[in-house]
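Here the structure comes first, spelled out in structure tokens, and everything after it is commentary.
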Amino acid sequence: MAKVTAMDVYKLLPQTNCEDCGEASCMAFATKLSEKEADLAICTELTDEEFRKLEELLAPAVKEIIFGKDDKARVIGGDEVLYRYEESYYNETALAIDVSDDLDSSEFDEKIKTIESIKFERTGEILTLDAIALRNKSGDSTKFAECAKKLETAKYPVILVTFDPIAMEEALKVIGDERPLMYAANKDNIFEMMELAIKYQCPLTVFSPGDIAGMKDLIFTLKSNGFEDIVMDPGTLTQDAIGDTLDNFIMCRRLAVEDKDDNFRYPLLGIPALVGLNEDMDEIEKGFMEATTASTLINKYADILILKKTDMWELIPILTLRQGIYTDPRKPQAVDPGIYEFGDLDENSAVIVTTNFSLTYYTVEGDLKSANCNCYLLVLDTVGKAVDVAIAGGQFDGKAVADLINESGIENKVKNKKMIIPGLAASISGEIEDETGWEIMIGPRDSSGLAEFIDEKF
């Protein structure tokens with residue numbers, strides 16, 4: 001599928017250059033729309049028919065679905081392409097944790113508290129979970145509704161997991177206005193679940209394990225009745241059968257992106273938590289396999305995943321992978337260049353230089369803070385490149401460091417002109433010394449050794 005260009009959009013705009021949208025011309029507005037940097041609704045000159053055509057043209061290959069509401073709302077789907085290098089992936093995979101309704105009250109509350117407290121920081125971003133999947137393991141509709149009631153005030157939106165329409169409705173009576181994601185409709189309950197989804201205006205997951213043709217029939221039934229808030233679960237097989245799962249996920253996404261098949265233009269849901277059903281593995285093995293399955297599905301188009309375990313050693317690689325995949329590959333992650341201060345400083349404090357690549361900066365920052373170092377850190381603008389890449393590309397050289405010294409005002413803060421450069425920058429130490437007039441000290445290749453280096457030299 002060819003990418004929508006600014007000219008494609010411009011042809012359907014009024015071309016009056018009224019500037020009501022805040023842009024100087026309709027072509028400028030068309031460019032913003034094609035790059036997803038503007039909202040079509042702010043154009044005041046469009047007729048209803050023109051708006052409809054443009055909305056259809058700009059619609060992503062995969063429909064965006066919202067579950068939860070207000071500050072708990074999560075958007076899934078919205079993908080335009082099959083491969084990340086073609087264009088950014090926009091709405092990151094939502095991660096939910098399975099909670100069964102057969103836990104006693106204190107266990108249930110503790111599990112929710114654990115889910116809500118999970119977070120860790122990486123490259124300046126706080127990584128967290130996204131949803132709670134309440135499963136009707138008890139088979140009791142009243143118990144299911146009671147647990148749903150407890151989740152009204154939860155931090156995250158809810159996925160209601162049951163194939164029983166009676167249990168689903170009891171839970172929806174309690175929490176339906178919070179727009180939970182319903183899981184799931186299959187060939188046996190499709191009409192009952194559809195009626196509930198329409199009545200409570202909630203998105204509905206369609207479950208058709210290993211049967212793409214059956215999935216299409218179920219979705220066609222929903223669409224024929226005017227219902228479009230759909231999520232697809234083509235089934236999650238694990239271990240040796242993971243290949244079959246991948247085949248189905250890839251097939252669904254190809255049908256959406258390449259073939260523009262309207263029956264498959266919906267987000268995909270996977271359930272790595274099913275690894276827990278394997279009785280041949282111990283809990284550690286299950287954790288490894290669940291993390292492996294989740295990572296595999298994030299790589300291959302899963303828009304939402306239901307996990308079981310809450311161990312940080314399992315979740316950190318999943319969250320880290322997701323963060324990496326859902327950053328814009330065309331825009332390197334970078335921090336603001338300039339001068340950063342650590343600890344108690346005086347005119348004899350050490351001065352260190354590094355690049356503004358986020359991963360480099362936050363690694364250095366973490367090492368300096370954990371060792372309680374007292375130093376100035378000069379961060380060079382290398383357009384988000386790491387040390388070795390910036391040196392090769394010419395962003396990290398003697399002149400750039402000299403300019404940084406002048407712009408930062410570091411010479412007004414220290415009387416000694418000694419600077420520690422990364423070990424990877426040893427090859428340009430002479431050049432930096434010539435350009436800056438400072439004494440250049442070649443530091444360790446790994447920032448974990450900075451504290452010891454500073455103690456020794458200062």
Side-chain angles (χ1 to χ4, degrees), residues 1-67 73-94 125 203 223 228-232 249-250 252-268 298-304 322-334 358 383-385:
M1 182 184 72
K3 177 177 170 57
V4 174
T5 66
M7 184 56 70
D8 294 330
V9 178
Y10 178 73
K11 290 175 181 177
L12 295 176
L13 287 173
Q15 301 176 25
T16 59
N17 298 329
C18 69
E19 301 186 20
D20 286 352
C21 62
E23 300 299 328
S25 66
C26 285
M27 177 54 81
F29 184 54
T31 301
K32 288 286 185 72
L33 287 172
S34 68
E35 297 297 330
K36 296 184 180 297
E37 295 176 356
D39 185 350
L40 180 61
I42 65 176
C43 180
T44 59
E45 301 279 311
L46 290 171
T47 65
D48 290 344
E49 180 63 16
E50 287 170 338
F51 186 90
R52 185 192 63 77
K53 288 182 178 179
L54 276 165
E55 191 175 42
E56 184 176 316
L57 176 69
L58 293 167
V62 177
K63 181 179 173 69
E64 288 186 332
I65 298 295
I66 300 173
F67 71 104
R74 295 293 184 272
V75 182
I76 56 175
D79 290 340
E80 298 273 9
V81 295
L82 287 173
Y83 304 108
R84 179 174 173 266
Y85 64 80
E86 298 176 285
E87 186 176 338
S88 297
Y89 291 161
Y90 291 99
N91 299 313
E92 65 183 24
T93 307
E125 182 180 356
K223 287 166 60 69
E228 293 253 9
D229 282 346
I230 301 166
V231 176
M232 304 184 298
F249 271 62
I250 292 168
C252 287
R253 190 50 47 92
R254 285 189 181 279
L255 286 167
V257 174
E258 294 184 339
D259 296 351
K260 276 274 193 175
D261 188 326
D262 285 340
N263 293 302
F264 290 92
R265 294 178 64 180
Y266 301 100
L268 286 162
I298 288 174
N299 273 305
K300 285 301 178 186
Y301 315 129
D303 297 289
I304 182 167
R322 182 182 69 173
Q323 182 192 34
I325 289 176
Y326 284 90
T327 53
D328 190 336
R330 301 165 299 178
K331 300 176 183 177
Q333 289 180 289
S358 290
V383 294
K385 295 180 180 178

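Note that this is a predicted model, so its numbers are computed, not measured.
A61 and A256 get closest at one heavy-atom pair: CB-O, 4.0 Å. Contact record, A24 with A28: N-CB, 4.5 Å, taken as the closest heavy-atom pair. For I298 against A302, the heavy-atom pair with the smallest separation is N-CB, 4.3 Å. Closest approach of M27 to A6, counting heavy atoms only: SD-CB, 4.3 Å. A pairwise comparison of heavy atoms in A334 and S358 identifies N-OG, 3.1 Å as the closest pair. Nearest heavy atom pair, residue P267 against residue G77, reads CG-CA, 3.9 Å.
T5 places none of its side-chain heavy atoms less than 4.5 Å from the side chain of S34. Contact annotation: the side chain of Y89 approaches that of V81 to within less than 4.5 Å [non-hydrogen atoms, C-beta and beyond].
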Verdict with reasoning, E55 to R52, per salt bridge (Lys or Arg N to Asp or Glu O under 4.0 Å): CA-CA 5 Å; E55 191 175 42; R52 185 192 63 77; over 6 Å; no
I304 and I65: CA distance, side-chain angles, deciding distance, side chain to side chain contact (heavy atoms under 4.5 Å, CB included) verdict: CA-CA 11 Å; I304 182 167; I65 298 295; over 6 Å; no
Side chain to side chain contact (heavy atoms under 4.5 Å, CB included) assessment of F29 paired with I42: CA-CA 10 Å; F29 184 54; I42 65 176; 3.8 Å; yes
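In the displayed structure, D48 atom CG is contacted under 6.0 Å by at most 12 heavy atoms of other residues, nucleotides or ligands. Environment of NZ in K223: crowded, with over 12 heavy atoms of neighbouring residues, nucleotides or ligands closer than 6.0 Å.
Between R253 and D79, at least one side-chain N (NZ, or NE/NH1/NH2) sits under 4.0 Å from a carboxylate O, which counts as a salt bridge. Salt-bridge formation is not detected for the pair E50/K53: no Lys NZ or Arg NE/NH1/NH2 atom is positioned less than 4.0 Å from an Asp or Glu carboxylate oxygen. In summary, K63 and E228 do not engage in a salt bridge, as defined by a charged side-chain N under 4.0 Å from a carboxylate O.
In this structure, the separation between CD on E45 and CD on Q15 is 12.0 Å, given to the nearest 0.5 Å. Atoms CG and SG, on L12 and C43 in that order, are 11.0 Å from each other to the nearest 0.5 Å. Rounding to the nearest 0.5 Å places CG of N17 at 5.5 Å from OG of S25. Rounding to the nearest 0.5 Å places CD1 of I66 at 10.0 Å from CD1 of I76. Between the CG atom in L268 and the OH atom in Y301 there is a gap of 10.5 Å [rounded to 0.5 Å]. I325 CD1 to N299 CG: the interatomic distance, rounded to the nearest 0.5 Å, is 4.0 Å.
Panel note: side chain R254, backbone L82; no donor-acceptor pair is recorded below 3.5 Å.
For the residue pair T93/Y326, the side-chain donor-acceptor check at 3.5 Å is satisfied.
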